[in-house]
There are 2 protein chains.
Amino acid sequence: MAGRRSVVEASNTRQSILSCAADMASVEGLEGVTVGRLATSLNMSKAGAIGHFGNKLELQLATLDFAAEVFRKEVWQPAEHVTAGMPRLLAICASWMEYADRPAFPGGCFIAAASFEFDSRPGPVHDALAAHMRRWHAQLVADAKTAVEAGDLPASTDVEQIAFGLEALAARVTPNRQLYGDERAAEHARDSMLNLLGQRTRSSSSLA
Amino acid sequence: MAGRRSVVEASNTRQSILSCAADMASVEGLEGVTVGRLATSLNMSKAGAIGHFGNKLELQLATLDFAAEVFRKEVWQPAEHVTAGMPRLLAICASWMEYADRPAFPGGCFIAAASFEFDSRPGPVHDALAAHMRRWHAQLVADAKTAVEAGDLPASTDVEQIAFGLEALAARVTPNRQLYGDERAAEHARDSMLNLLGQRTRSSSSLA
DNA sequence: CCTACCGATCGGTAGG
DNA sequence: CCTACCGATCGGTAGG
């Protein structure tokens with residue numbers, strides 16, 4: 001083993017560490033990832049694992065960014081080039097629910113879990129998470145506004161309420177499936193989303 | 001200070017410990033409550049604080065039950081004697097959103113946070129939490145069924161979807177308020193709930 | 001990226 | 001309900 005590695009190897013190692021940290025954090029929380037167990041799980045020394053980041057806070061921030069990038073690629077990127085407004089809202093809901101149904105991390109959606117872990121804990125992780133979520137929230141609000149202007153949502157629509165509703169429904173998929181074994185959680189979320197968007201099709205009850 | 005206390009005093013102490021533990025857990029998670037900091041916060045010794053429960057797991061289970069009882073009293077009890085079906089669903093949503101808007105614990109709704117902390121962590125806390133939530137879920141489903149039978153919801157209604165949607169919307173109030181300062185989170189949740197229940201009143205936008 | 005180490009805190013217990 | 005203590009693990013660092 002051992003010795004210093006090349007820049008490329010170091011970058012690969014860094015990604016491996018972040019992937020492992022994100023997996024652990026999705027199950028035990030971002031605060032629950034300890035340097036010791038992370039290193040053991042990677043077959044590395046503690047100094048080797050944490051050295052790429054400096055300290056635990058920086059590791060947490062890097063892990064959050066890693067998971068946020070996965071989330072962006074899986075949920076937002078597929079809908080990026082869809083027509084703004086209702087078409088894009090529906091595309092986002094579709095990719096979001098596919099992701100919620102088959103999450104990239106063993107403990108389920110990382111972002112949803114982190115938003116409950118750090119909502120009442122001030123600090124850099126809270127702030128970084130809020131910044132990510134504000135961007136996504138603004139995107140939902142913008143598309144809802146466009147949908148109103150296009151006449152796809154009633155003029156009386158509260159676009160903030162729409163965004164809130166979609167976020168709430170998406171986040172609940174993991175806990176409801178994992179807590180009381182509701183295998184249809186993503187389907188319920190999807191149907192409720194369509195309901196909030198006025199696309200009430202109670203019969204179209206299959207995913208994908 | 002010190003010395004053993006009477007049964008009544010011990011019971012009071014026990015409640016004080018649980019109240020303090022629930023406050024801490026609502027902010028830092030149930031796993032984040034350490035015996036040492038709990039004791040310090042209570043001006044007690046570690047042995048004094050944990051002695052009432054035996055070990056940390058038993059403390060966690062007792063804290064969960066404590067918070068669940070607060071939740072039951074605040075959310076379910078006010079609606080207990082309301083007519084089953086849609087009237088009771090609306091009453092539950094009302095008390096639920098009042099509670100979400102003014103939660104009993106500094107970190108917000110304890111139950112919602114715990115359901116994200118323990119959804120992917122097997123063990124006694126997961127199981128106890130799931131048991132509580134299953135009871136509440138069954139209550140929502142039962143009232144939704146009654147509402148369908150009474151004609152207050154369409155015959156095609158998926159009652160599981162209704163329960164899922166209400167749970168999702170209620171749980172999201174705390175994180176959205178605390179992460180990006182949405183003071184209208186409870187209001188958005190309430191309006192979305194009414195939407196899911198077919199009581200779409202986009203103009204009635206004031207709480208309580 | 002490793003070994004070897006630091007002080008602090010963890011959950012828990014013996015004994016009073 | 002306290003003091004005093006246990007081994008284990010925490011985050012972090014020096015030095016190579």
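Proteins come first, then strands; the chains are lettered A, B, ... in the order of their sequence lines, and each starts at number 1. Side chains included, hydrogens not; waters and symmetry mates left out as well; all remaining heavy atoms used.
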Is the closest side-chain donor-acceptor distance between B:His126 and B:Asp119 under 3.5 Å? no
Do A:Gln161 and B:Ser192 have side-chain N/O donor and acceptor atoms under 3.5 Å apart? yes
Closest listed nucleotide, where the reference is the side chain of A:Ala47 and the choices are D:dC1, C:dT3, D:dG11: C:dT3
Modelled atom types, side-chain donor and acceptor of A:Asn176 and A:His188, under 3.5 Å: no
Any side-chain heavy atom of B:Phe53 within less than 4.5 Å of one from B:Thr63? no
Heavy atoms within less than 4.0 Å of DNA chain D: which residues of residues 48-59 of chain B have one? Give them sorted by number. B:Gly48, B:His52
Could you check whether A:Thr34 gets within reach of a base, just the sugar-phosphate, or nothing at all, counting any heavy atom under 4.0 Å? sugar-phosphate
How far apart are the C-alpha atoms of A:Arg172 and B:Ser115, what are their side-chain angles, what is the distance that settles it, and do they pass the side-chain hydrogen bond (donor to acceptor under 3.5 Å, both in side chains) test? CA-CA 10 Å; A:Arg172 198 68 200 179; B:Ser115 70; 3.2 Å; yes
Once you round it to whole Å, what is the distance between C1' of D:dT3 and CE of B:Met44? 14 Å
Tell me whether the side-chain N/O atoms of A:Thr13 come closer than 4.0 Å to OP1 or OP2 in C:dC1. yes
B:Lys46 side-chain proximity, nearest of D:dG11, C:dC1, C:dG11: C:dG11
Looking at side-chain heavy atoms only, is the closest gap between B:Glu31 and A:Glu28 below 4.5 Å? no
Between C1' on C:dC10 and CD on A:Glu31, what's the gap in Å once rounded to a whole number? 14 Å
Under the side chain to side chain contact (heavy atoms under 4.5 Å, CB included) criterion, do B:Val173 and A:Phe164 qualify, and how do the steps go? CA-CA 9 Å; B:Val173 171; A:Phe164 175 92; 4.1 Å; yes
Verify the distance criterion only: is there a donor paired with an acceptor across the side chains of A:Glu167 and A:His137 at less than 3.5 Å? yes
So how far off straight is the helix from C:dC1-D:dG16 to C:dG16-D:dC1, going by the axes through five pairs at either end, to 10°? 0°
